[in-house]
Amino acid sequence: MTRMDWSWWSMPVGLAGGLLLVWAGLLVALWAGRPDELGVRDALRLLPDVIHLLRRLATDSTLPRGVRVRLWLLLAYLAMPFDLVPDFIPVIGYADDVVIVAVALRAVVRHAGMGALERHWRGTPEGLSAVCRVAGLRGPQPQR
């Protein structure tokens, strides 16, 4: 095998191997930092309300443009038929979507305050509390 034969395919193989390692690292990070099972179930049950919230936040002209752009990108990601982690993988298949939405909601609260979420939430107060809990936000507590 000559030096020329080695170099034409070593670059694509190395790149593919590197991408596979990054993807595996992402899987490990999602598994380690995944929300508890109850949090994922809550988030999936509230998915229609969360999508509605994200759309309303993305069209709110009082929010900074950068936040709105990120929200539109998030909505586009959620609408895509493929994910970083396929949804058929147990537990973490949907966890990547939950983690990405949680990060986006934290950014909204950091830049616009909790009032923006409360103003645009159209679900139940308990639902907003569950979304805040999954996102790691100090939100309104449900009435008991």
ILVMFWY cluster, M80 and V69 together (side-chain gap under 4.5 Å):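 Not linked; separate clusters.
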Side chain to side chain contact (heavy atoms under 4.5 Å, CB included) involving R110 - partner list, sequence neighbours excluded: A107
For R106, side chain to side chain contact (heavy atoms under 4.5 Å, CB included) partners two or more places apart: L137
Would you be so kind as to tabulate the donor-acceptor pairs closer than 3.5 Å made by side chains of residues 56-64, with sequence neighbours excluded?
{"from": "R56", "atom 1": "NE", "to": "H120", "atom 2": "O", "distance (Å)": "3.4"}
{"from": "T59", "atom 1": "OG1", "to": "R55", "atom 2": "O", "distance (Å)": "3.2"}
{"from": "T59", "atom 1": "OG1", "to": "R56", "atom 2": "O", "distance (Å)": "3.1"}
{"from": "D60", "atom 1": "OD1", "to": "T62", "atom 2": "N", "distance (Å)": "2.9"}
{"from": "D60", "atom 1": "OD1", "to": "T62", "atom 2": "OG1", "distance (Å)": "2.6"}
{"from": "D60", "atom 1": "OD2", "to": "T62", "atom 2": "OG1", "distance (Å)": "3.0"}
{"from": "D60", "atom 1": "OD2", "to": "R119", "atom 2": "NH2", "distance (Å)": "3.2"}
{"from": "D60", "atom 1": "OD2", "to": "H120", "atom 2": "NE2", "distance (Å)": "2.8"}

Sidechain-backbone polar pair: W72 side chain, L75 backbone, donor-acceptor under 3.5 Å: no
Steps toward side-chain contact (heavy atoms from CB on, under 4.5 Å) verdict (D49, V131): CA-CA 10 Å; D49 289 333; V131 168; over 6 Å; no
